[in-house]
Peer 1: 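A single structure is presented below for examination.
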Amino acid sequence: AYLNTVKVTGYVCPLTEAEKRKYKKLIKNVKKVYPYAKEAGRLLDSYTLVLKSAKNDSQRKKIMKQAETDIENKFGPKLKKLNKAQGKILIRLIDRETGSDSYALVKDLRGSFRAAFYQTLGKIFGYNLRSKYDPVNNSEDRMIERIIFAIETKKKHKSLTLKTLIAYRKNSTLNNF
């Protein structure tokens, strides 16, 4: 005895022009910073393995100093060109990819003093390294998660557009942005 199939539909309010602009901007920002967050996750995994093989604190500090230099050389100029909104999204996406907020990562890898210094400096410029990624309770994070889902699955489209996300929104169980 099987239950009958039931189709559940809901009403989705059309987006206003202001909402469309906001989400187009969010798509652009996520597309720009998501690769950096993915790379941060990969680098953290590789550095964690290397640090486990370190024999003492001196060797650990040397490894971290080299890692910091490598990261600065590879990403520094590009990350400095990010705008404030992109920087805030990147901080939350790093939490998504690594499972730890940026403050905890800096604290674990470089120490409490440096973490507190970066947090204070970030606060001056409007950033919070302790920002958590929470797509369940934060509507912007929920939208970012949809954008990432569309990027990852490519939604059978060559490019991610607002139209793609609206179509995804209509078929989603999380209909409120």
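Positions are given from 1 along the sequence. Keep in mind it's a predicted model, so treat the numbers as computed, not measured.
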Peer 1: I'd like to know if M64 and V106 are part of one continuous hydrophobic network [Ile/Leu/Val/Met/Phe/Trp/Tyr, side-chain heavy atoms within less than 4.5 Å].
Peer 2: no
Peer 1: Does a side-chain N-to-carboxylate-O contact under 4.0 Å join E17 and K20?
Peer 2: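 Yes.
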Peer 1: Apply side-chain contact (heavy atoms from CB on, under 4.5 Å) to N73 and list each qualifying residue two or more places apart in sequence or on a separate chain.
Peer 2: T69
Peer 1: In the structure I gave you, are the side-chain heavy atoms of Y23 and K28 within less than 4.5 Å of one another anywhere?
Peer 2: no
Peer 1: Cluster partners of F113, using ILVMFWY side-chain heavy atoms under 4.5 angstrom, listed by chain and number?
Peer 2: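 Its cluster partners, ordered by chain and number, are none at all.
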Peer 1: Would you mind reporting whether I89 and L26 have side-chain heavy atoms less than 4.5 Å apart?
Peer 2: yes
Peer 1: Please name all residues satisfying side-chain contact (heavy atoms from CB on, under 4.5 Å) with I71, sequence neighbours left out, ordered by chain then number.
Peer 2: L43, Y47, F75
Peer 1: The test is side-chain contact (heavy atoms from CB on, under 4.5 Å); show your working for I144 and N138 and say whether it passes.
Peer 2: CA-CA 10 Å; I144 290 170; N138 182 316; over 6 Å; no
Peer 1: What residues form a salt bridge (Lys or Arg N to Asp or Glu O under 4.0 Å) with R42, not counting sequence neighbours?
Peer 2: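 So R42 forms a salt bridge (Lys or Arg N to Asp or Glu O under 4.0 Å) with E39.
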Peer 1: Apply side-chain contact (heavy atoms from CB on, under 4.5 Å) to L93 and K38, showing your working.
Peer 2: CA-CA 8 Å; L93 287 180; K38 291 290 284 183; over 6 Å; no
Peer 1: In chain order, what residues pass the salt bridge (Lys or Arg N to Asp or Glu O under 4.0 Å) check against K84, with sequence neighbours excluded?
Peer 2: none
Peer 1: Can you name the nearest heavy-atom pair linking I63 to A54, along with the distance?
Peer 2: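 Minimum heavy-atom contact is CD1-CB, 4.0 Å.
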Peer 1: Counting distance only, does the side-chain N/O of E19 pair as donor-acceptor with the main-chain N or O of T16 below 3.5 Å?
Peer 2: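 The answer is yes, because a donor-acceptor pair under 3.5 Å joins these two groups.
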Peer 1: Evaluate V33 against L79 for side-chain contact (heavy atoms from CB on, under 4.5 Å), listing each step before the verdict.
Peer 2: CA-CA 9 Å; V33 300; L79 292 179; over 6 Å; no
Peer 1: Going by the salt bridge (Lys or Arg N to Asp or Glu O under 4.0 Å) test, which pairs reach into residues 49-59, not counting sequence neighbours?
Peer 2: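 Sorted result for residues 49-59: empty, none.
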Peer 1: Heavy atoms only: give me the nearest I94-A37 pair and the separation to one decimal.
Peer 2: N-CB, 4.1 Å
Peer 1: If I take atom CG from residue L90 and atom CG from residue N29, how far apart are they, to the nearest 0.5 angstrom?
Peer 2: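 One finds 11.0 Å between CG of L90 and CG of N29.
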Peer 1: Taking side-chain contact (heavy atoms from CB on, under 4.5 Å) as the definition, give me every residue that meets it alongside L121, ordered by chain and number, with sequence neighbours left out.
Peer 2: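 With neighbours one apart ignored, the set is F117, F125.
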Peer 1: Rounded to the nearest 0.5 Å, what's the gap from CD1 on I91 to CG on L105? Could you check?
Peer 2: 11.5 Å
Peer 1: Considering only residues two or more places apart or on different chains, which pairs with a residue in residues 111-130 satisfy side-chain hydrogen bond (donor to acceptor under 3.5 Å, both in side chains)?
Peer 2: E68-R114, Y103-R130, Q119-N128
Peer 1: Please enumerate all residues that pass side-chain contact (heavy atoms from CB on, under 4.5 Å) together with K32, with sequence neighbours excluded.
Peer 2: L82, Q86
Peer 1: List the residues meeting side chain to side chain donor-acceptor pair (under 3.5 Å) with Q66, not counting sequence neighbours, and say none if there are none.
Peer 2: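 Here the qualifying residues are D70.
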Peer 1: If the condition is side chain to side chain donor-acceptor pair (under 3.5 Å), which residues does D45 pass it with, not counting sequence neighbours?
Peer 2: none
Peer 1: Apart from V136 itself, which Ile, Leu, Val, Met, Phe, Trp or Tyr residues share its cluster (side-chain heavy atoms under 4.5 Å, direct or through members)?
Peer 2: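 Besides V136, the hydrophobic cluster comprises nothing; the residue is isolated.
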Peer 1: What's the spacing between K107 NZ and S100 OG if we round to 0.5 Å?
Peer 2: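 Output value for this atom pair is 11.5 Å.
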Peer 1: If you measure from CZ on R92 to CG on D134, what distance do you get to the nearest 0.5 Å?
Peer 2: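 The CZ atom of R92 sits 10.0 Å away from the CG atom of D134.
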Peer 1: When rounded to the nearest 0.5 angstrom, what distance separates NZ in K88 from CD in E140?
Peer 2: 9.5 Å
Peer 1: Measure from the side-chain N and O atoms of D95 to the backbone N and O of Y133, and report whether any donor-acceptor pair falls under 3.5 Å.
Peer 2: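 Checking the backbone N and O of Y133 against the side chain of D95, a donor-acceptor pair under 3.5 Å is found.
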Peer 1: Verify the distance criterion only: is there a donor paired with an acceptor across the side chains of E152 and Y34 at less than 3.5 Å?
Peer 2: yes
Peer 1: Rounded to the nearest 0.5 Å, how far does CG of N137 lie from CZ of R142?
Peer 2: 8.0 Å
